[in-house]
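Take a look at the structure below.
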Amino acid sequence: MTNKDICMLLKKVVAIYTLRGENRFRIIAYERTIESLEKSPFEAKDLWKEGRLMEINGIGQTISAHLDELFRIGKVEYFEELFSHYPDSMFPLLEVAGLGPKKAYYLADKLRLKDPTTAIEDLLKAAYADKIAKLEGFGSKSQSDIIDALERFREGQKKEVRISLPLAEGLAQKIIDYLNECSACSEIFPLGSLRRQLSTIGDIDLAVATNKPQTVLDWFTAYPHKSKVIESGPAGATIILSGGQHVDLRVQDPTSFGSMLQYFTGSKHHNIHLREIAIKQGLSLSEYGIKPINKIRNSKSEIRNYNDKKNLYEFAKEKDYYRFLGLEWIPPELREDNGEIEAAKNHNLPLLIEKKDIKGEFHIHTSYNLEPSHDLGLSDLKTILLKADSLGYEYIGISDHNPSKTHHTESEIISIMKARKYYYEQIKASNKNTRVNLFIMLETDILTNGELALPNDAFEYIDASIVSIHSNFNMNKVEMTDRILKGLSHPKAKMLAHPTGRLINKRAGYDLDWQKIFSFCRINDKALEINSFPDRLDLSDMMVREAIKNQVKLVINTDSHEVSQIDLIKYGISVARRGWSTKADILNCMPYNKVKEWLKI
DNA sequence: GCCGTTTTCGGCCCGACTGTTTTCAGTCG
């Protein structure tokens, strides 16, 4: 019973409550639990075993009792009773864009959809047979919209198509370039999850400051690479790109653009929390500005941005919007309602790490062929040193994969490692024009039994090692934790690369006993990697925050196999920022001498 | 159903857009 399973179950409860017109705050309570579970780096079942279920944001007495029953006997009687009154076939329909609980139920009921496994196909057949348009509350337009949505769903595009951050940035940039050709756009910003730098992006959100909203919207909806305009009104429009991604654009007057930035950056729960705080101050928040409730201007009326006509304080700058509420400006990466609002109020927001704080990195593969166990890099050391120099780095660590154990004897591996060290030293010595210092390292596999895939005598030829898992991912939590801790115990093993092994949208990654890992790393001076590669971004943002709470050092590496990938470090930095990292938390913000000391060289 | 630096009871965010409606319900962010 994983968090994902629980969320599926709770979503059914939400659908039924919505259908029944249940108290909306009860529904919101379930939605909050779902949101928390989806974001949580920990499995609820693990927390339950430790009696910590109620530590999850949004879980109180009632829901924790339900989950307790679920974990004990595999089902919740109360939920089962609830579900028994509704057709199973309505739930798959909820995944289709435009269908919510009421329509899904109504369609499943009226069209007598019986089998949940074929509900989508059955609904599509009914639509083509013109059966939907005849139903009360539906018409021919909604029928054809449903057909469109179902066809897209069949192509694998659910309500949520999440794409990688770099891909989303690329798509957004193309649209921004296109919008820039329209003279009515005075400012264009990517907002939403893009601005918050989430690891994966659902919709692409853009906002434009303009005095001619309709001109901008007409220009936007005429975007040549769209496949469809979903909606379009005076405040904004939504299109679907040919690849299936949704793009939302909002327009706003420049005098209120700060309010729009705040609103459209989200997250949803950050905004909800902010609005709750505002209500207590007698204020109501929206994308247009801040409105005094009961039309009474408050003592802050000396502020010049008050629009008498609209009874609204308007904000051109986002910073002023937060300040008006008595808060420091909150970096977008923190806006997840995880305590950032309280920190902004108490003036103890973390000073987040920035690109300029990075002084080097340790996980770069070169093209030097040491007949490795895994893939070789494509760029040579000289090229990499020049690149590092251009970035102003003080040092880099080269961490090729260890020589293959299956193709070499121990003594062969030792001579390979010796030759490699000599080769790198020669290259470094012949590159007098770079100031970049070199650490000769290795990415060493942790074998199934926890031993490192390098003979002990070969460690002499490296300064330090990154260790990682590249085989046998299916071990259970206890075994995998032991395996990793054993691997990390070697005195030269200083960093654990891509600690969970996850590949976004491809592989979930293995489970670890994090308390054990954290305390081992803290006590033995080992660092956990934030791998910047967009498919990995591992550790994840939430785990980064946990690691920091546990006083574990982190290191942001790129795992570059080609020189241009060194620039991907920006994505690792984003993860670190989302995990509340300051430069003090990150190993490669330390200057060369300190790093050398830390590596015990 | 949750929650507390105004509360253990009485609150709980704000708005846009669409289709099918004669004033609104459903869905979405």
Side-chain angles (χ1 to χ4, degrees), chain A residues 10 13-15 17-19 21-36 54 56-67 78 93-107 132-146 148-149 159-160 191-193 202-205 207 213 217 221 229-238 246-252 259-260 262-291 293 312 325-326 337 341-342 345-346:
Chain A
L10 297 184
V13 176
V14 167
Y17 277 173
T18 307
L19 210 61
E22 187 61 71
N23 177 317
R24 55 185 267 258
F25 299 109
R26 176 182 271 185
I27 297 171
I28 289 171
Y30 276 87
E31 286 174 338
R32 284 203 166 160
T33 298
I34 292 169
E35 176 104 1
S36 292
M54 296 213 350
I56 297 174
N57 196 5
I59 295 189
Q61 290 288 340
T62 308
I63 294 179
S64 88
H66 288 325
L67 293 185
Y78 169 74
L93 304 186
L94 296 172
E95 300 297 321
V96 178
L99 295 184
K102 302 206 175 177
K103 286 185 184 173
Y105 171 70
Y106 189 78
L107 290 169
I132 292 178
K134 297 194 175 77
L135 296 172
E136 199 185 330
F138 290 81
S140 60
K141 182 67 171 76
S142 38
Q143 178 168 276
S144 75
D145 284 349
I146 286 175
D148 273 0
K159 275 179 184 168
E160 282 241 306
L191 300 178
S193 49
D203 294 348
I204 294 170
D205 299 321
L217 287 167
T221 51
V229 178
I230 299 190
E231 58 184 38
S232 178
T238 304
H246 288 213
V247 185
D248 288 345
L249 181 126
R250 301 279 169 145
V251 288
Q252 184 67 279
S259 316
M260 174 56 85
Q262 196 291 316
Y263 157 76
F264 211 28
T265 297
S267 67
K268 183 177 166 184
H269 288 281
H270 173 88
N271 285 357
I272 289 175
H273 191 165
L274 214 56
R275 285 166 183 170
E276 284 171 357
I277 286 183
I279 283 177
K280 289 172 187 163
Q281 299 179 28
L283 301 168
S284 168
L285 309 183
S286 77
E287 59 265 50
Y288 301 101
I290 301 178
K291 192 179 279 197
I293 298 170
L312 192 72
L325 296 169
D337 194 20
I341 292 174
E342 293 79 359
K345 191 174 167 188
N346 300 325

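Just so it is clear, the model here is predicted, and its values are computed rather than measured. Keep in mind that the numbers below use all heavy atoms, side chains included, and drop hydrogens, waters and symmetry copies. We name chains A, B, ... by the order of the sequence lines, and we start the count at 1 in each one.
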With a non-hydrogen cut-off below 4.0 angstrom, is [X] in contact with a base, only sugar-phosphate, or nothing?
X: A:Tyr288; answer: sugar-phosphate
X: A:Gly266; answer: nothing
X: A:Gly58; answer: sugar-phosphate
X: A:Ile279; answer: sugar-phosphate
X: A:Thr33; answer: nothing
X: A:Tyr17; answer: sugar-phosphate
X: A:Asn271; answer: nothing
X: A:Thr238; answer: nothing
X: A:Ile272; answer: base
X: A:Leu274; answer: nothing
X: A:Thr265; answer: nothing

Distance check needed: [N] [atom2] versus [X] [atom1], whole Å only.
X: A:His269; N: B:dG29; atom1: NE2; atom2: P; value: 13 Å
X: A:Leu99; N: B:dG26; atom1: CG; atom2: P; value: 13 Å
X: A:Ile27; N: B:dC2; atom1: CD1; atom2: C1'; value: 14 Å
X: A:Gln61; N: B:dC3; atom1: CD; atom2: P; value: 10 Å
X: A:Lys268; N: B:dA16; atom1: NZ; atom2: P; value: 17 Å

Looking only at atom [atom1], what distance separates [N] and [M], rounded to whole Å?
N: B:dT8; M: B:dG4; atom1: P; value: 13 Å
N: B:dT23; M: B:dG19; atom1: C1'; value: 14 Å
N: B:dC13; M: B:dT18; atom1: C1'; value: 22 Å
N: B:dA16; M: B:dT20; atom1: P; value: 22 Å
N: B:dC17; M: B:dT21; atom1: C1'; value: 15 Å
N: B:dT7; M: B:dC12; atom1: C1'; value: 12 Å

Let me know, please, whether A:Pro101 or A:Ala237 comes out on the 5' side of the other along DNA chain B by nearest nucleotide.
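Mapping each residue to its closest nucleotide by heavy atoms, the 5'-most match is A:Ala237.
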First encountered from the 5' end of DNA chain B, between A:Arg26 and A:Ser286:
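The answer here is A:Arg26.
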Looking at [N], I'd like to know if its phosphate oxygens (OP1 or OP2) sit under 4.0 Å from a side-chain N or O belonging to [X].
X: A:Ser142; N: B:dT20; answer: yes
X: A:Tyr30; N: B:dC2; answer: no
X: A:Lys103; N: B:dG26; answer: no
X: A:Ser284; N: B:dC13; answer: no

Side chains of [X] and [Y] in contact at under 4.5 Å (non-hydrogen atoms):
X: A:Ile341; Y: A:His270; value: yes
X: A:Ile146; Y: A:Val96; value: no
X: A:Leu325; Y: A:Leu274; value: yes

Taking A:Met54's backbone N and O only, do any of them form a donor-acceptor pair with A:Ser64's side chain (distance below 3.5 Å, no angle check)?
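Not confirmed, A:Ser64 side chain does not pair with A:Met54 backbone.
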Measure from the side-chain N and O atoms of A:Asp248 to the backbone N and O of A:Asp205, and report whether any donor-acceptor pair falls under 3.5 Å.
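Not confirmed, A:Asp248 side chain does not pair with A:Asp205 backbone.
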Heavy atoms from C-beta onward define the side chain here; which of [options] lies closest to that of [X]?
X: A:Asn23; options: B:dG1, B:dC13, B:dG29; answer: B:dG1
X: A:Lys280; options: B:dG1, B:dT6, B:dA16; answer: B:dT6
X: A:Phe25; options: B:dT18, B:dC13, B:dA16; answer: B:dC13
X: A:Asp145; options: B:dG29, B:dC17, B:dG19; answer: B:dG19

Could you tell me which nucleotide pairs with B:dC12 by Watson-Crick or G-U wobble geometry, both distances under 3.5 Å, or answer none if nothing does?
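WC or wobble partner is B:dG1.
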For A:Arg26, check salt bridge (charged side-chain N to carboxylate O under 4.0 Å, His left out) against everything at least two apart and list the hits.
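Once residues adjacent in sequence are excluded, the partners of A:Arg26 under the salt bridge (charged side-chain N to carboxylate O under 4.0 Å, His left out) criterion are A:Glu22.
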Can you classify the ring geometry of A:Tyr78 versus A:His66 as parallel (below 30°), tilted (30 to 60°) or perpendicular (above 60°)?
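The arrangement is parallel - the two ring planes meet at less than 30°.
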